[in-house]
Participant: 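Have a look at this one before I ask anything.
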Amino acid sequence: MKVSFTINGKLKSVEVSDGNSPLLWAIRDGLDLKGTKFGCGKAACGACTIHVDGKAVRSCSFPTKYAEGKEITTIEGLSVDGRLHPVQQAWKEEVVPQCGYCQPGFMMATAAMLKEIPNPTDDDIDNNIINVCRCATYYRMRKAIHKAAALNSQNS
Amino acid sequence: MSNTQNKDVKKKGVKRRKFLKYSGVGIGLMLGGVWIARNPLRRKVFELAETMIAPYMGDTSDPLLWMQITPENEIILHSSKVEMGQGTFTSLAQLAAEELEVEMDRIKVVHAETGSGNMDGMSTGGSMSVAGLWTPLREMAATLREMLKSKAAEKLEVASNTLTLADGVFSANGKTMTFGAVVEGVTEWNIPDVPPLKERASFKYIGKPIQRVDLHDKLIGAPIFGMDAEYPDMLHASVVRSRLIDASMTNFDISEAEKMPSVVKIVQENGFIGVVAKTHVEADNARRKITFDYIPNRKWNLEDVEKEVSVGKGKKTIFQKEGSAVEDINGEGDIFQMEFRSPIGAHAQLEPNGAVASYKDGRVEIKVSTQVPKLTRDEVAKALGLSKDDVNVIPTFLGGGFGRRLHTPNAIQAAIMSRAVGKPVKSFFDRKQEFQNDTFRPPTHHVMKAKIHDGKILGLEHQFASGDTLFNSALDPGVATVVRADIGSIRGGALIYDALPHRSTYYHVNLPFATSFWRSLGLLANAFAIESFIDELAIKTGQDPVALRLNSILNENPYNVRAKKVLEACAKKAGYKDGVDNGRAMGIALTIDGGSPCAHVAEVSVEGKEIKVHKVTVAFDCGFAVNPDQVRAQVEGCVCMGISAALFEKMDLKDNKLYPINYGSYKMALMRNSPREIDVVLIEGNDKPGPVGEPPLGPIGAAIGNAVRRLTGKRLTQLPMSLV
């Protein structure tokens with residue numbers, strides 16, 4: 001079946017043999033956007049986090065057919081016109097990534113959280129950012145999340 | 001080696017190779033400053049490890065094998081060490097930029113393909129990359145600089161000593177020439193002797209917190225990992241893997257899978273079955289349709305494994321013998337004994353194992369996340385009956401290594417399937433396969449003993465049993481056989497308290513599933529047992545745990561002297577107090593790993609049954625920090641990964657099935673479990689860089705346990721620690 005949606009501002013279609021197959025693979029292999037990562041396939045690690053209509057979604061467990069007509073953003077679409085998104089900027093300033101594999105998922109989860117909670121407390125961060133980072137960069141991530149919130153409020 | 005350019009110039013053609021070579025015993029003999037083993041041969045091996053910390057095992061004879069200069073005046077550094085998050089690419093770029101006299105952004109670091117000939121003889125592991133290349137890479141960069149200089153002088157028709165160099169541009173008498181222009185058209189190079197290296201006082205990049213060279217790619221989701229690799233017209237594959245340990249698989253029925261519409265071929269070769277299909281999802285779905293039976297050799301549950309892993313069972317090696325066994329110490333006193341255990345640990349690296357292979361006309365190219373490009377090339381060549389030159393392994397960035405990729409035989413399967421279908425094939429594990437086919441951190445059992453009389457400790461003993469780490473791994477060069485102890489499993493297992501009579505004994509255990517390298521190897525479990533026991537001895541004998549440690553370490557061994565400084569610095573920075581204050585307590589612990597001493601103070605509270613780590617203060621002496629910011633990043637990562645292992649992680653085993661099989665059920669520390677404060681003090685006890693990426697995992701378990709002991713009166717003796 002053919003599924004059409006807007007991704008990173010562009011209207012795209014993907015062809016999948018089974019509409020229930022995970023959106024993750026349509027994005028990675030169908031549209032060749034490799035920034036969204038496979039980690040677990042069971043929505044347990046968050047490496048595949050994207051935005052669907054502005055909400056954080058774990059795309060490994062999101063059936064492709066439900067993407068029809070939706071507005072999707074991946075890590076490739078987080079920065080606009082080559083300018084880093086405040087979350088990416090904060091990640092850069094705190095030099096968060098180590099191996100880097102899980103980081104797109106964390107940045108997408110953080111960007112979505114900051115829309116709901118512009119100035120998160122440490123407890124908010126603990127409760128909302130529940131992805132897995134095996135390099136365990138959590139200490140710098142927390143600092144980067146606070147910094148991103150500050151950058152956002154400067155910009156607005 | 002001084003600059004003797006005029007005296008001893010060697011002429012070389014384009015095929016330039018080998019003019020000086022570093023060699024060494026290799027393989028991570030991370031024994032640090034511990035003088036061990038009485039047997040002369042074994043002692044010799046340990047001493048070699050001692051004096052030859054982190055030799056680099058690849059070719060350092062030819063700068064042009066490592067560094068390529070483009071017409072755009074960019075230097076491409078072909079690294080035979082892989083980047084798995086530890087920041088090696090950045091540190092190596094710093095070393096090269098320093099001697100080449102170029103700005104950092106002129107250097108682009110890429111993984112060296114095995115086909116280029118630049119291969120590390122062993123692996124990227126053991127926290128040895130920067131320490132091992134510290135001198136060779138700077139020498140190669142300095143030599144290249146001199147080669148460029150003499151060629152520039154020739155081309156500009158000026159005397160070489162009139163040339164000045166700034167950011168990759170030579171100038172003299174108003175004339176300038178970039179590195180890129182210098183190399184243009186040159187087919188023959190004079191390789192001089194190694195010039196003197198820059199003095200530390202004039203370092204511009206080394207020792208500075210330079211931003212990671214791979215940072216931007218990792219912010220924008222660039223396709224840099226093995227799983228992102230592709231070839232045109234590529235197919236996807238999924239391989240059948242066992243869900244059970246110690247069982248064979250039989251009676252395969254592939255008929256249902258074959259009927260699946262997108263299946264291209266079901267490959268049955270070399271002892272595996274793989275489904276090749278048009279898409280990843282379809283390959284996985286078809287693979288699940290293959291049915292088969294298991295024939296277990298015997299039944300295994302976790303308690304059976306624990307029974308095997310017992311001090312007293314298995315082959316025994318005394319690897320530290322400074323005094324008699326505790327039971328044989330003469331005179332009055334009581335023997336005090338405690339037992340500790342650590343579980344089966346999973347790597348759980350986020351990027352699954354897999355490879356992308358393209359076989360064509362008797363040659364195969366493989367893109368793969370691996371810590372062992374050369375070994376992978378050799379294994380693929382052997383399995384496919386190809387010459388090594390017909391296999392090119394192109395390493396990608398690793399979505400985590402942690403030792404999981406010190407053997408990547410999955411590359412063989414991808415190559416075989418590509419040959420079978422005549423097209424490139426991408427094949428990856430799913431997460432369940434990762435958890436059930438990991439090469440796990442081996443479970444351990446420790447018996448700690450001391451003889452005490454009148455508040456005085458008369459002798460100390462550590463006995464432990466562990467599954468394999470180096471033994472039976474593809475990386476064992478035979479050293480393990482000489483030493484007779486698995487030098488991976490005994491890492492961190494030697495006692496550093498040399499003012500006391502002490503002994504350490506290792507029992508080798510055979511397990512029915514694969515165990516291997518897990519970041520820091522034996523250190524995590526050994527340090528947990530030893531440093532918890534030392535703390536308990538302090539309590540039992542009424543001594544301050546810092547003073548007891550300081551008094552029990554002699555000043556004869558330089559590593560021990562550095563360790564004492566580290567311990568004191570850590571206690572001071574943390575404001576260490578032995579007791580409970582406002583519901584919180586501190587625990588302190590000390591380790592020496594690979595010659596890099598590290599101490600932690602963990603500030604902990606217990607809320608209900610939950611152990612909460614609020615702050616960890618770390619003092620760490622890795623010698624000269626080439627990139628202090630990335631040393632800190634490694635320390636922070638080790639602390640949080642260590643908390644994860646110390647408080648959450650364990651595999652279970654029931655009816656031959658290892659589980660959990662996914663994140664979530666395999667409990668790990670997440671954001672909420674990570675300390676909100678990590679205070680890192682770097683101490684430079686040596687002017688050369690030492691190991692960084694693993695030593696800070698050592699003290700964390702005991703530091704937390706020691707704090708919990710003060711809060712609850714309970715000594716936790718089992719990893720992961722739990723009050724439930």
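So that the names make sense, note that chain A is the first sequence line, chain B the second, and so on, each numbered from 1.
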Participant: Do you know which of A:K37, A:K42, A:E76 has the most heavy-atom pairs with chain B at a distance under 4.5 angstrom?
Facilitator: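 Heavy-atom pairs under 4.5 Å are most numerous for A:K37.
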Participant: Where does B:F89 contact chain A at under 4.5 Å (heavy atoms): side chain, backbone, both or neither?
Facilitator: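 Neither part.
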Participant: Under a 4.0 Å N-O cut-off, is there an ion pair linking B:K278 with A:D29?
Facilitator: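 Looking at B:K278 and A:D29, the cut-off is not met.
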Participant: Has the side chain of A:R142 got a donor or acceptor atom that lies under 3.5 Å from a matching backbone atom of B:M671?
Facilitator: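 Checking the backbone N and O of B:M671 against the side chain of A:R142, a donor-acceptor pair under 3.5 Å is found.
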Participant: Whether the side chain of B:H600 engages the backbone of B:A602 through a donor-acceptor N/O pair (distance < 3.5 Å, no angle test) should be reported.
Facilitator: no
Participant: Taking the six-membered ring for Trp and the single ring otherwise, decide whether the centroids of B:H280 and B:F428 are under 6.0 Å apart.
Facilitator: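 Not close enough - the centres of the two rings lie 6.0 Å or further apart.
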Participant: Give, as side chain, backbone, both or neither, the part of B:E636 having an atom under 4.5 angstrom from any heavy atom of chain A.
Facilitator: both
Participant: Where on A:Q88 is there a heavy atom nearer than 4.5 Å to chain B: the side chain, the backbone, both, or neither?
Facilitator: both
Participant: Specify which of A:M107, A:K92, A:K143 makes the most heavy-atom pairs with chain B at under 4.5 Å.
Facilitator: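 The candidate making the most pairs under 4.5 Å is A:K92.
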Participant: If you tally heavy-atom pairs under 4.5 Å against chain B, which of A:G100, A:S79, A:G30, A:A47 wins?
Facilitator: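 Highest number of heavy-atom pairs under 4.5 Å: A:G100.
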Participant: Do B:S369 and B:T396 get their side chains close enough for a donor-acceptor pair, meaning under 3.5 Å?
Facilitator: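 Short answer, yes.
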Participant: Please look at B:F225 and chain A and tell me whether the side chain, the backbone, both or neither of the residue comes under 4.5 angstrom of a heavy atom of that chain.
Facilitator: side chain
Participant: Which atoms of B:P261 are under 4.5 Å from chain A, going by heavy atoms: the side chain, the backbone, both sets, or neither?
Facilitator: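 For B:P261, no heavy atom lies under 4.5 Å from chain A.
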Participant: Which bit of A:W25 is near chain B, if near means a heavy-atom gap under 4.5 Å: side chain, backbone, both or neither?
Facilitator: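 A:W25 touches chain B through side-chain heavy atoms alone.
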Participant: Quick one: which of A:A44, A:G39, A:P104 has the most heavy-atom pairs under 4.5 Å with chain B, could you say?
Facilitator: A:G39
Participant: Side chain, backbone, both or neither: which part of B:A222 has an atom under 4.5 Å from a heavy atom of chain A?
Facilitator: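 Contact with chain A is through the backbone of B:A222 alone.
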Participant: Do A:H146 and A:N119 get their side chains close enough for a donor-acceptor pair, meaning under 3.5 Å?
Facilitator: no
Participant: Could you look at A:I130 and say if it's the side chain, the backbone, both or neither that has a heavy atom under 4.5 Å from chain B?
Facilitator: both
Participant: Does the side chain of A:T6 come under 3.5 Å of the side chain of A:E71 through a donor N or O and an acceptor N or O?
Facilitator: no
Participant: Could you check which of B:T279, B:D629, B:L398, B:I643 has the highest count of heavy-atom pairs closer than 4.5 Å to chain A?
Facilitator: B:D629
Participant: Check whether B:Q433 gets within reach of chain A through its side chain, its backbone, both or neither, counting any heavy atom under 4.5 Å.
Facilitator: neither
Participant: Is the closest side-chain donor-acceptor distance between A:Q98 and B:Q634 under 3.5 Å?
Facilitator: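 Indeed, the side chains of A:Q98 and B:Q634 share at least one donor-acceptor pair under 3.5 Å.
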Participant: Measure A:D18 against the heavy atoms of chain B and call it side chain, backbone, both or neither at under 4.5 Å.
Facilitator: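 Neither; nothing under 4.5 Å.
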Participant: Just so I understand: if I count every heavy-atom pair under 4.5 Å between each of B:H236, B:K432, B:M227 and chain A, which residue has the most?
Facilitator: B:M227
Participant: Between B:R672 and A:N128, is any side-chain donor less than 3.5 angstrom from a side-chain acceptor?
Facilitator: no
Participant: Would the distance check show the side chain of A:K34 and the main-chain N or O of A:R28 forming a donor-acceptor pair, the cut-off being under 3.5 Å?
Facilitator: yes
Participant: Chain B heavy atoms under 4.5 Å from A:L33: which part of the residue, side chain, backbone, both or neither?
Facilitator: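 When you check distances to chain B, no heavy atom of A:L33 falls under 4.5 Å.
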Participant: Go through the atoms of A:L24 and report whether side chain, backbone, both or neither lie under 4.5 Å from a heavy atom of chain B.
Facilitator: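 No part of A:L24 comes within 4.5 Å of chain B.
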Participant: So, are B:D217 and B:R212 salt-bridged, with charged N and O less than 4.0 Å apart?
Facilitator: no
Participant: Would you please indicate if the ring centroids of B:F435 and B:Y659 are separated by under 6.0 Å?
Facilitator: no
Participant: Given that the side chain runs from C-beta out, which part of B:H347 has a heavy atom under 4.5 Å from chain A: side chain, backbone, both or neither?
Facilitator: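 B:H347 touches chain A through backbone heavy atoms alone.
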Participant: When heavy-atom pairs shorter than 4.5 Å are enumerated against chain A, which of B:I224, B:L215, B:D228, B:V639 gives the highest number?
Facilitator: B:D228
Participant: In terms of heavy-atom pairs under 4.5 Å with chain A, which of B:D214, B:V281, B:I220 leads?
Facilitator: B:I220
Participant: Top residue by heavy-atom pair count (under 4.5 Å) with chain A, among B:S665, B:P209, B:G87, B:C640?
Facilitator: B:C640
Participant: What part of B:N662 gets closer than 4.5 Å to chain A, counting heavy atoms only: side chain, backbone, both or neither?
Facilitator: side chain
Participant: Can you see whether B:F517 has B:R404 sitting over its ring - NZ or CZ less than 6.0 Å from the centre and within 45° of the normal?
Facilitator: no
Participant: Is chain A contacted by the side chain of B:E230, its backbone, both, or neither, given a heavy-atom distance below 4.5 Å?
Facilitator: side chain
Participant: Pick one of side chain, backbone, both or neither for B:E677, based on which atoms fall under 4.5 Å of a heavy atom in chain A.
Facilitator: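 Backbone only.
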Participant: Determine whether A:W91 and A:R140 make a side-chain contact, defined as any pair of heavy atoms from C-beta on separated by less than 4.5 Å.
Facilitator: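 Of all side-chain heavy-atom pairs linking A:R140 with A:W91, none is under 4.5 Å.
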Participant: When you measure from the side chain of A:H51 to the backbone of A:M108, do you find a donor-acceptor pair of N or O atoms at a distance under 3.5 Å?
Facilitator: yes
